[in-house]
Amino acid sequence: MPRRLPLAPMRTRFTWWMQAALLVVGSRGCTVVSKTRFQSKETTMGAGHDHGKGANERSMWIALSLTGSFMIAEAVGGWLTGSLALISDAAHMLTDTVALAIALLAIRIGKRAADRRRTFGYGRFEIIAAAFNAGMLFAVAIYIFYEAWQRFRMPPEVQSIPMLVIASLGLIVNLISMRLLSAGQSESLNVKGAYLEVWSDMLGSLGVIIGAGVIYLTGWTWFDPLIAVLIAVWVLPRTYILLKASANVLLEGVPEGVEIDKIESSIRSDADVRGVHDLHIWGLGSGQISLAAHVLLAPGVQVDSFLRRTEMKLKSEYKVTHTTLQCEFEPCADEDICSLSTNVHDRDDEHDHHSHA
Amino acid sequence: MDRSVSFDLRRDDDLPNDRSSDVGYTANDRRLAYSRSFHHSHGPRTPAAATKPFLDRTVSAIDMPPEIYSVDGDDVFFGGGKSATAIGRVSALRMVFVVFGVLRNGNRQMKRLFLLISLNVAYSTTELLIGLLTGRVGLVSDAFHLTFGCGLLTFSLFAMATSRKKPDHAYSYGYKRLEVLSAFTNALFLMFMSFSLAVEALHAFIQDESEHKHYLIVSAVTNLLVNLLGVWFFRNYARVNIVYRKAEDMNYHSVCLHVISDSIRSAGLILASWLLSLGVENAEVLCLGLVSVTVFMLVMPLFKATGGVLLQMAPPNIPSSALSKCLRQITSREDVVEVLQARFWEVVPGHTVGSLRIQVKSGIDERPLLQYVYDVYHDLGVQDLTLQTDYI
């Protein structure tokens, strides 16, 4: 009985089409829109922060080629020998390959420079790829439950030795990929998503081998679906965490580990600052944090040095990489929606602070 | 009431998305967007605000015209700490509170959605039980598919409920963006459904034997009826291309497309069974393929729009020509050296945020400049603007 036959083909087909959809959505911008005409010193998302990115991409390429070639070898072998087991295992590897390919695609797209319609560049694609991988994993886990139920009703046949050998080879390939990806998974959600996919596949292979061994030794055919269920249960929490993290970024939430109150008091602690309002902090994806705020300064302050100081402080202490600080010398009429209202602020000249229309 | 669902399948290039009209500011385009959206709704029923005056050019986008899709009057603030949950802090008790909160405080659309979800849940549970008891795999898989859909609709409902919360220390822009995310998830699910239907059609085509699944007519008909009820509830959003003015628009649109797609799918299954009984060959392939293509084309605009908002793309309702015009205006001022950075994105449709960095000559008074820049972008409809002035 082939290993997880109904499972694999379903996964592969829809992920392939999903990748195509992602490609279509993502590539539309670059063909149509021209770069900005005005002199912009805006650099691409990836350029300034590229230290880890190159290594990530490289290791992913290696993992991708490893998995891909193994899959092709299995597919060819399966087609030649007519072994359903080999083909199903190849399909299994295909899901890994596709997950890695999606992650890589997101990295490549993310490197594109920002343009007029995508003023933040393409970095968010990585987050969507991570969320997509997590969602796929979640759906797969649910499907494993469903399939385990089916296996309970109709116990599968015992695995053959060659099938086990192939499963162990696949396990080795997965372990190598995991090793390659584990370095980058802390810094990039995208890599984490691909890593999670490979990790769950590794668990699956391991489970198959162990299950086959146990069934061979004891004849408990219910062990195989039990292991599958256990693996699914193990994978789900980490999938959930990844989903939550990517949802947090997509929803412009304050990044995890960042305390907005602390940052506000840190800005306020500067001697020149009289007030801070309209403070917004959000993550741009892959560890880059953005901050925008209106700062009320004491009169006569050197804006330049204040800006430099604050930017340095925010970057070094809180890892806030993009800051936009609007410096004001007059309190706004309405602190909540400063300059938002349709009332025109009547700004007197520089030395008369306190009269508003 | 017999207004059929208008499947506006032709590509709507007339939307202000890609128009680079140098005629004027977006106010013009907004007006045109209005008139165009009215012309699209060919049918006996036109939105209530058809006769209202168009946007005046001097009125900023903040004074949004009355909601043309409004069906409900009771937009009660849903909240209180008791019933609103932050994302991640989920517990069964909170869910119960959310349910009660929806029933009591939710607006009409939320209550309708809740009714829809409960109907779906009841239906899929019965289908699952029957399938498990009788051992029919087809029923069970259909029940699973329905449950997935229900889960997504519940997420939409949760998004509607949570989006009323005020911004707090965890989400500095508030929770409205959750509606966009839920719309995106719905759209993604529908795309996936479309592809899996295409795969099923292919499968049936390749198999080409008597493994024709005799889809249970009863199940399909019930499904169709429930979903048609949902379409009726959300009939204002039963269009392919909608100009999104608020966050809820996207969410309601996605729910509507969800029920439409489900009803198309059920109708397709019924049609396939009927054709099979008539003896038409490959009826399955035809019907499934047709359904798949239709759903894909229905969902694509929503998918792209929500994806664009989530990816922080420039707001589609502000043409790039208007943006560059503003930049030219700013740089033409004598105290401005250059614009270092200009970024615009939408938190939710209708709420645009911008951040600018400009380099100015040292020693100037930046307050008039600040005011000028704010006015320039105010006209465009940028609500939140943060402007940083770097002195040389």
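The sequence lines fix the lettering, A, B, ..., with proteins before strands; numbering per chain opens at 1. Hydrogens, waters and symmetry mates are skipped; everything else that's a heavy atom, side chains included, is used.
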For B:P315, is it the side chain, the backbone, both, or neither that has a heavy atom closer than 4.5 Å to a heavy atom of chain A? backbone

Are there over 12 heavy-atom neighbours, none belonging to A:K262, within less than 6.0 Å of that residue's NZ? no

Is any side-chain heavy atom of B:Y173 closer than 4.5 Å to one of A:L251? no

Write down the atom of B:M297, the atom of B:P301, and the distance for their closest heavy-atom approach. O-CD, 3.5 Å

What do you reckon, are the aromatic ring centroids of B:F189 and B:H145 less than 6.0 Å apart? yes

Is A:A293 close to chain B through its backbone or its side chain, or both, or neither, when contacts mean heavy atoms under 4.5 Å? backbone

Residue from A:L279, A:V295, A:N248 scoring the most non-hydrogen pairs under 4.5 Å with chain B is A:N248

If one checks every heavy atom of B:L356 against chain A at 4.5 Å, the contacting part turns out to be backbone

For A:L307, is it the side chain, the backbone, both or neither that has a heavy atom under 4.5 Å from a heavy atom of chain B? side chain

Working note: A:R124 + A:E252, criterion salt bridge (Lys or Arg N to Asp or Glu O under 4.0 Å); need CA distance, chi angles, decisive distance, verdict. CA-CA 11 Å; A:R124 277 277 171 100; A:E252 318 294 341; 3.1 Å; yes

Using heavy-atom distances under 4.5 Å, tell me whether B:V353 contacts chain A through its side chain, its backbone, both, or neither. neither

